[in-house]
Structure formats: structure tokens, C-alpha cells
Amino acid sequence: MSRLLVRRPSPRLAEGELTHLERVPVDPALAQRQWEAYVDVYRSLGWDVIDIEPDDAHADGVFVEDTVVMFGDLALLTRPGADSRRGEIDTTRAALEKAGIGFAAIEAPGTLDGGDVLKVGRTVYVGQTLRTNPEGIRQMDALLAPRGWTVVPVEVTKVLHLKSGVTALPDGTVIGYPPLVDDPSIYPQFLAVPEEHGTAVVVLDEDTVLMSSDAPQSAQLFRDRGLTVIETPISEFEKLEGCVTCLSVRVRD
Ligand code: CIR
């Protein structure tokens, strides 16, 4: 069984952090509807949805992936790199405690955003970004190496987070839109996708991925590889440099 951690969008979503994109109008009502449809995809698959307490003061709080990363049954509570986002972890921590999920935490002066963490098998690629610092990576490595994970730091300069540029298909093939990937050659298997919003997939099972509906050619590319692709509109979150991965965290039981 799988559980899914999510948090409803703040009405202040439009005030969220922006690093590489220009600010454009965001429709909070549409964002709410898109978020509900996104969560409904998982509900329709029978996943249990755990709502982290709403935290409307934090404009970016909907992007829960940045506050917690799962490594097997261990959760890693992060310490987000943006000052405006640091307070989000209080309610994430409370949700982990309430759900009985054991966790470790990144401590100051380390910073880590979950969006910088890409797991492929037992390899953990971690972006070195404005949000994730070397001390955060060092703490993560110290925690994970004894548990059999290999942490691989990755330079990221073209996008906000590592996973804004690359994610992975169920077979471990790393996918990315080349203009936004610093060095595709570090990945043993890399597949270029033709659209910016085609870079982000959530693996639902060995044959199924969830992705933005704003990348139809990439969706077709994945279907041609034999995958079932579920597309969902997330335009209001993409305006804030978010993607399908960052709106939830999967907890495997
Ligand atoms: C931020 O800049 O932190 C938010 N506006 C977007 C975070 C997106 N998170 C993610 O891709 N993991």
C-alpha cells in the first residue's frame, strides 16, 4: 500500500519564490482545482492521502516534496534553502509524527530541498543549488551511506532544483529537456524529451507515470516505450517553478 503526503495550496500561492521565471498572474481558484484533480489521480488508484496541516502563511507550502524525502521507511525532514520556506517543516514534522513515520532531520547550517533529490535504484543524485548546500549534502550522505545508498552530487545551474531538469522513468532511464540539463552524460541512461514540462514524471508503478498535460509530445514518447501515461494540468504550479513531483511525497508501507 502507498500513502501520499500533500498540503493544499495557500491562497497566497502567487507570492511564492521565483528564481528563473518571470512572475505572471496565478489564479488561486484554478490552482485549487488543479491540485484537487492531481490528488484525485492517487485516490483513484487507492492510495491513502495524508493531508499535512494547511499552512497558508507559507506561499510555497503546497510544494511538500521540498520538506521531506523518503528513503525506504526512513523520512528525511529537510531544512529548506529559502528563508521564506523554512517554517514549512514544522507542520511537515507534525504530520510525520502523527502518521508514525520515523524521521531524521537536516540540521543548521545544512540546507536541503527535496526537489534536489533524485533516487534511481540505490543511487541518490543530489543537486548542488541555491537551495541545497554542501553541508546539507554531507549530512545526507552520512545518514544514507550506512544504509546502502550512494549519494552523487550534481551541479545544477540552469534550473531551480535538480528535478526541475531531470527525473527518471520506472526503468531508471533519466529524462530531461537538454537545454535545461547541465550534463546529461553523468547518467548511465539518458533520454532527451522535446518539451520543458516533459522532464517531470511521478512513477506510479512499473508501467505507469503521472506528468503535466503541458507536454504532449513527451507523453507520446513515453507511450511509445510501452508506458501508461496519466496527464494532469498543473499550469498554476508550473508558473511558480513547480512540477508534478513536488506536489506530493509517497510513503511506501
Ligand atoms: C520555490 O521556489 O521554492 C517554489 N516556488 C517552487 C518549488 C518547487 N519545488 C520542486 O520542484 N520540488
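Numbering of ligands and ligand atoms starts at 1, following listing order. Here the structure is a predicted model, which is why all the values come from computation and not from measurement. Computed from heavy atoms alone, side chains included, the values below leave out hydrogens, waters and symmetry copies.
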With respect to Thr245, determine whether any N or O atom, backbone or side chain, lies less than 3.5 Å from an N or O atom of ligand 1. no
Where ligand 1 meets [X] - atom numbers and elements under 4.0 angstrom, heavy-atom basis:
X: His161; answer: 9 (N), 10 (C), 11 (O), 12 (N)
X: Glu241; answer: 6 (C), 8 (C), 11 (O)
X: Glu65; answer: 10 (C), 12 (N)
X: Gly115; answer: 12 (N)
X: Cys246; answer: 8 (C), 9 (N), 10 (C), 11 (O), 12 (N)
X: Leu240; answer: 4 (C), 5 (N), 6 (C)

I'd like to know whether ligand 1 has Leu160 as a neighbour, heavy-atom separation below 4.0 Å. yes
Give a yes or no on whether a salt bridge exists between [X] and [Y], defined as a side-chain N under 4.0 angstrom from a carboxylate O.
X: Arg86; Y: Glu17; value: no
X: Asp171; Y: Arg225; value: yes
X: Asp253; Y: Arg3; value: yes
X: Arg85; Y: Asp66; value: yes

What distance separates Tyr42 OH from Leu204 CG, expressed to the nearest 0.5 Å? 6.0 Å
Mind checking what makes ring pair (Phe, Tyr, Trp, His ring centres under 6.0 Å) contact with Tyr187, not counting sequence neighbours? Tyr125
Any idea which protein heavy atom is nearest atom 4 (C) of ligand 1, and the distance to it? Asp60 OD1, 3.2 Å
Among non-hydrogen protein atoms, atom 9 (N) of ligand 1 lies closest to Asp66 OD2, 2.8 Å
Could you list the donor-acceptor pairs under 3.5 angstrom formed between side-chain atoms of residues 67-77 and any protein atom two or more places apart in sequence or on another chain?
residue	atom	partner	partner atom	Å
Thr67	OG1	Val64	O	2.8
Thr67	OG1	Thr92	OG1	3.0

Does Ser2 offer a backbone N or O that forms a donor-acceptor pair with the side chain of Arg250 under 3.5 Å? no
Where does Arg131 meet ligand 1, judged by heavy-atom distances below 4.0 Å: at the side chain, the backbone, both, or neither? side chain
